[in-house]
Enquirer: 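If you scroll down you'll find the structure; I have some questions about it.
Indexing begins at 1, ligand by ligand and atom by atom, following the structure's order. One-based numbering along the sequence shown.
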Amino acid sequence: MDHFLYRDGILHAEDIPLPQIAAAVGTPFYVYSTATLKRHYRLFKDALSGMDNMVCYAMKANSNQAVLKTLADLGAGMDVVSGGEYARAKAAGVPGERIVFSGVGKTREEMRLALEGGIRQFNIESEPEMVVLSDVANSMGVTAPVTIRINPDVDARTHEKIATGKSENKFGIPIARAKEVYAMAASLPGLDVVGIDVHIGSQLVELEPFEQAYLKVAELTKLLRAEGHNIRRLDLGGGLGIPYARSNEAPPLPTDYGALIQKCVGHLDVEVEIEPGRLIAGNAGLLVASVIYLKEGEGRNFLILDAAMNDLIRPSMYAAYHDIVPVVEATPGVEQQPYDIVGPVCESGDTFAKGRDLTPLGPNDLVAFRSAGAYGAVMASEYNTRPLIPEVLVKDDQFAVIRARPTFDEMINRDIVPEWV
Ligand SMILES: *Cc1c(COP(=O)(O)O)cnc(C)c1O
């Protein structure tokens, strides 16, 4: 459920009609709903309420400071994957004890930054990384809390580019080697082994792969405890999927996901962490664009929008589907027409949808891409020297630009021409 509904035939973000935002900031733009962000965070909190838990929002999904602060004020933790994200979390007021640091390639500088600013735990992904963290922590005279990310060799049955829990993926250490890697961690100075971490992929639309992974983690918990490790925290990752095509997708609900976690690890007397990103932010955002031209081709009509692959790369990168709807609701009885919906970038990959049925549209009409709040703005680029598009946050009947569109001069002046050129 979200807060983008038609009222009197006009699509609204909470209480604001989208044409009002379009008139104020120009198109294209991203718009996020505060109520939806909060609702999704609370769904996870409620789903885990029977257990000692922390919901660490995976901020790579959408790391705008206003989004982070909205969630941080509810008590959310953050899952960060870079020094930059760590700095963003701190800047949004998240205390170090609510930040977990994931990622396969943490540098010494990133480790130092997090150890200085405070960290709940590092999720370690390899032995070399473990040795480096031990060295950094030791040299600073501090102890780094760590979990080790295990790779359970489970098929998440999602797009190959966002599956992370198979043995051929670069993530984590093979579960079969966990015993020896934990022994090594326990022997290194400067590390405090607090638990186990797992994350098998993103946009999972079934619970079964989670169950397989979590049962393996439960078994490993017992084994490692028997080896003398004080396993007291399980980070179960993120990955719960969202319905991108509302008409025919129904991924599991957070309540059922929570019940599964309770079933798999609830008896182990552990603190549970989860790292949802997409489910919190995805359906809390729209990308709103205008039609520039309707181009009639041979056997197909192209709807050329002012938004492009640089603004929302998911369709060209993952062949991802987004519902695309007119901002002014279709008049009942008017026949829909198939369109290829494309952007102006000079690549054929700049195609959002092919043969998509829509009410007849023409120049200056507004369309909205649903489910664009996660992995949208954060993956945008300025390819073709197209400015990063504004992000807008709505709360009830208020809205504000939370990242402005840069001017051409601002973009150009980031380049430096040496005097010897
Ligand atoms: C990307 C990622 C997440 C979030 O995944 P979602 O599908 O957005 O919930 C959580 N944990 C880790 C380690 C990740 O890399």
Enquirer: Which residue in the set Gln398, His3, Arg7 passes side chain to side chain donor-acceptor pair (under 3.5 Å) when paired with Asp15?
Expert: Arg7
Enquirer: Just grab all the salt bridge (Lys or Arg N to Asp or Glu O under 4.0 Å) pairs involving residues 307-319, residues at least two apart or on different chains.
Expert: Asp311-Arg386
Enquirer: Any idea which residues sit under 4.0 Å from ligand 1, heavy-atom distances?
Expert: Ala58, Lys60, Asp79, Ser102, Arg149, His199, Ser202, Gln203, Gly238, Gly239, Glu275, Pro276, Gly277, Arg278, Tyr375
Enquirer: Side-chain polar contacts of residues 127-137 - donor-acceptor pairs under 3.5 angstrom, sequence neighbours left out - could you list them?
Expert:
| from | atom 1 | to | atom 2 | distance (Å) |
| --- | --- | --- | --- | --- |
| Glu127 | OE1 | Arg177 | NH1 | 3.3 |
| Glu127 | OE1 | Arg177 | NH2 | 3.4 |
| Glu127 | OE2 | Arg177 | NH2 | 2.7 |
| Glu129 | OE1 | Glu125 | N | 2.6 |
| Glu129 | OE2 | Lys106 | NZ | 2.5 |
| Ser134 | OG | Pro189 | O | 2.6 |
| Asp135 | OD2 | Arg108 | NH1 | 3.0 |
| Asp135 | OD2 | Arg108 | NH2 | 3.2 |

Enquirer: With a 4.0 Å cut-off on N to O distance, would you call Glu273 and Arg233 a salt bridge?
Expert: yes
Enquirer: Hey, is CG on Asn364 packed in by over 12 heavy atoms from elsewhere, all under 6.0 Å?
Expert: no
Enquirer: Only pairs at least two apart or in different chains count here, so list each salt bridge (Lys or Arg N to Asp or Glu O under 4.0 Å) that has a residue in residues 45-54.
Expert: none
